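Hydrogens, waters and symmetry mates are skipped; everything else that's a heavy atom, side chains included, is used. Predicted model only: the values in this text are computed from it and were never measured. Counting starts at 1 for both ligands and their atoms, following the listed order.
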Amino acid sequence: MEKEESSSSFSTGKSAQEGALPYVPDCYVIPSSHRPDMAPEAAYVPIIDFGRLNEGREQRSMIVNHGICQSILGGALSTAFDFFKLPSEEKMKFMSGDVHRPVRYSTSLKDGIDEIQFWRVILKHYAHPLDHWIDFWPKNPPNYRENMGKYCTEERKLALELMSAITESLGLGPKYVVNKMDEGMQVMAVNCYPPCPQPDISLGLPPHSDYTCLTIVLQSSPGLEILDTEDGSWKMVPKMQSALQVHVGDHLEVLSNGRYKSIVHRAILNRGSTRISLARLHSLGMDEKMETAKELVVNHGIWQTVMGEVLYSAMEFFNLPSEEKLKFMSSDVHKPARYGTRLRDGADKIEFWRVFLKHYASPLEDWIGSWPKNPPKHRCAQVPVQRRHTIFCQIPVSEGTMTFPLTYFSFYHHKRYQTKSAYLGWFGHFLKSPKNCRLAPHSSHFCQDLEEDASLSYQVPNEFSTQQSNVGVTSQEQSAVNTNLNQYRTSGYYNVPIYPTQGGVHNIYQPFPYNWQQQPLPPYALQPHYPSHSMTYEGSGSGSFQHLLHQQRNEDNNGCD
Ligand SMILES: O=C(O)CCC(=O)C(=O)O
Ligand SMILES: [Fe+2]
């Protein structure tokens, strides 16, 4: 069949979007449950009047009155259009799969190895300090450097002012991170989405959140969608004349201890015209580590000794002889106390380096009788913790260490899922692993929608955060991971943001490539899972999102046969 192209048939320079193919090849086709709605609802996007900057805590917003004149905005967009109109040879001069290259032209997210391709062409370049990088930028079109340079200069001022106002709104003062950001490295992503013959079955950019403090987007026409976390639907960001779109990225979420949430977004396509977006990614320097502001970590009110007891008793449990632990082994997720190693016993294709004990925990009186009696401390150590209804999350993992994480996920009156108050105590026991074994992407979605004081939902026991020397990754390491594992943050179709919220450091950096099952990745401590499947996480197979995807594809195929 002439349409059976694999993703490798479409390397940069020969991609379907560059060649304006009149149909969408199979390898661009998104599984049906993830296809865009061609008439999406408009997103509610708060507008920041930069003249009257207030302390809004919005995840995404538009800025007006930002002081960048229309001619600078228009100039940057038009020079970007002109760049993509250049003959292939000219653009291909910048083609590279090396993310360290100061200027890079490419099409797929991970050149040549994506299972699904996206209908986008991209020119990415470093943009700060401008005088350091501008000479690497394209000379053609002749006004590229000047026009893009002007935009970058003005837009950067705006980003810093905005960040200043944000940290001020958090009570951290205006200079809290801008000094570091001033030395940070900023990337400009010039995205081009050519007209697509079947925009209903393909995407320009898969769902992702940005690994930034802020991303500022200038779009030539609508096409940017954001995930509405209330109802799980995608909403279209309206295009407002001269407005810039601001996204909170993962780094700001971490800095603010979850008070600002990074936004999941994607780019959809249209049949009629090329769409350009300029996305400027602002963050810290390459060797900086983003940490949660200590001022924003609320004291969780549980004594360190109590916490110590809890962890210690958990550790003792895992040290018990096998027979003792195996009493709790079960693949029945409804069992009130369960010991296991796999996410879905018997069904996982990839094993993860973890054993766990999970048990229901609230109302305590109902469940405590089903918990292990051994070690004897286990039951009583937890009581004060459970009584506080406190959520905290301690996630380890570093090479050659043995660590004892403890996570309480709260389902307390979770609105979306109509659950009754229920707590789940989770003692993951991460064994010494032969390779560096980090937590795979996941989100602590259970922390949302609490009736409790929302500020509790991101509490982290300070006393453990010091143990996390190897948790959190500097931009330098991040960038190395990028290279080795092909731009993980935007690499996978199911590239979900994670909100680990633990002891001050950002621990999100693990790749989650679309075709991760085929890749020689380091072992994950936890298998990736997707927020919207949170309640079925241990049940009905949602632990493996990839599995769902394959299932979906099989269903799709069956439908066709
Ligand atoms: O094209 C868009 O509007 C979104 C671009 C984007 O999300 C990105 O470059 O990270
Ligand atoms: Fe983005």
Side-chain angles (χ1 to χ4, degrees), residues 17 36 40 42-43 45 59-63 73 76-77 80-81 83-84 99 103-110 117-127 148 151-152 155 159 185-196 199 202-227 234-240 243-253 260-270 273-283 441 478 482 486-498 508 512:
Q17 63 271 35
V45 181
Q59 308 162 27
R60 75 284 179 194
S61 47
M62 277 198 191
I63 327 177
L73 303 180
L77 283 175
F81 270 105
F83 174 82
F84 291 107
V99 294
V103 184
R104 217 154 66 81
Y105 173 78
S106 93
T107 48
S108 63
L109 297 168
K110 300 171 288 138
Q117 296 247 4
F118 299 95
W119 202 269
R120 175 183 77 147
V121 191
I122 181 169
L123 178 71
K124 240 183 188 177
H125 50 63
Y126 294 160
M148 200 56 82
Y151 174 68
C152 284
E155 182 269 357
M185 189 167 67
Q186 275 122 45
V187 171
M188 169 62 86
V190 185
N191 300 301
C192 171
Y193 308 93
C196 175
S202 44
L203 279 176
L205 202 52
H208 67 283
S209 62
D210 295 336
Y211 56 88
T212 58
C213 287
L214 293 178
T215 304
I216 299 193
V217 180
L218 171 62
Q219 50 174 341
S220 66
S221 56
L224 173 61
E225 286 193 335
I226 52 182
L227 184 65
W234 288 98
K235 305 240 162 83
M236 177 67 88
V237 174
K239 161 90 180 121
M240 261 181 82
L244 294 164
Q245 171 79 25
V246 184
H247 294 167
V248 167
D250 300 333
H251 289 170
L252 177 51
E253 175 162 342
Y260 285 84
K261 300 260 192 300
S262 77
I263 184 91
V264 179
H265 53 285
R266 68 180 185 183
I268 68 162
L269 302 160
N270 74 82
S273 58
T274 296
R275 172 173 178 266
I276 296 274
S277 72
L278 310 181
R280 179 82 182 273
L281 314 167
H282 295 272
S283 196
Q478 172 190 331
N482 260 345
N486 306 303
Q487 293 180 279
Y488 55 89
R489 289 299 301 167
T490 50
S491 64
Y493 181 65
Y494 298 112
N495 173 355
V496 295
I498 63 159
I508 67 168
F512 187 9

Distance col, row Ile216:CD1 vs Cys152:SG, nearest 0.5 angstrom, shows 11.0 Å

Notebook entry, point to check: Would you say Ser277 and ligand 1 have an N/O pair spaced under 3.5 Å apart?
Noted result: yes

The answer for which part of Arg275 has a heavy atom under 4.0 Å from ligand 1 is side chain

*Flag His247 as yes when one of its N or O atoms lies below 3.5 Å from any N or O atom of ligand 1, and as no otherwise.*
no

Protein N/O/S atoms closer than 2.8 Å to the Fe ion (ligand 2), ordered by chain and number, come to His208 NE2, Asp210 OD1, His265 NE2

Subject >> Donor-acceptor side-chain pairing of Glu155 and His282 below 3.5 angstrom >> reply: yes

Here the pair of heavy atoms bringing Tyr193 nearest to Trp119 is CD2-O, 3.6 Å

With a cutoff of 4.0 Å, is Arg266 in contact with ligand 1, counting heavy atoms of the residue only? no

Here the gap from Leu123 atom CG to Tyr105 atom OH, rounded to the nearest 0.5 Å, amounts to 9.0 Å

Sorted by chain and residue number, the salt bridge (Lys or Arg N to Asp or Glu O under 4.0 Å) partners of Arg275 (sequence neighbours excluded) come out as none

Subject >> Contact with ligand 1 for His265, non-hydrogen, under 4.0 angstrom >> reply: yes

Heavy atoms of Leu77 and Ser220 approach each other most closely as CD1-CA, 4.0 Å

Under 4.0 Å between heavy atoms, the region of Leu281 that gets near ligand 1 turns out to be neither

Polar-atom distance check: Tyr193 versus ligand 1, any N or O pair below 3.5 Å?
-> yes

Residues Leu224 and Met236: closest non-hydrogen pair is O-SD, 3.5 Å

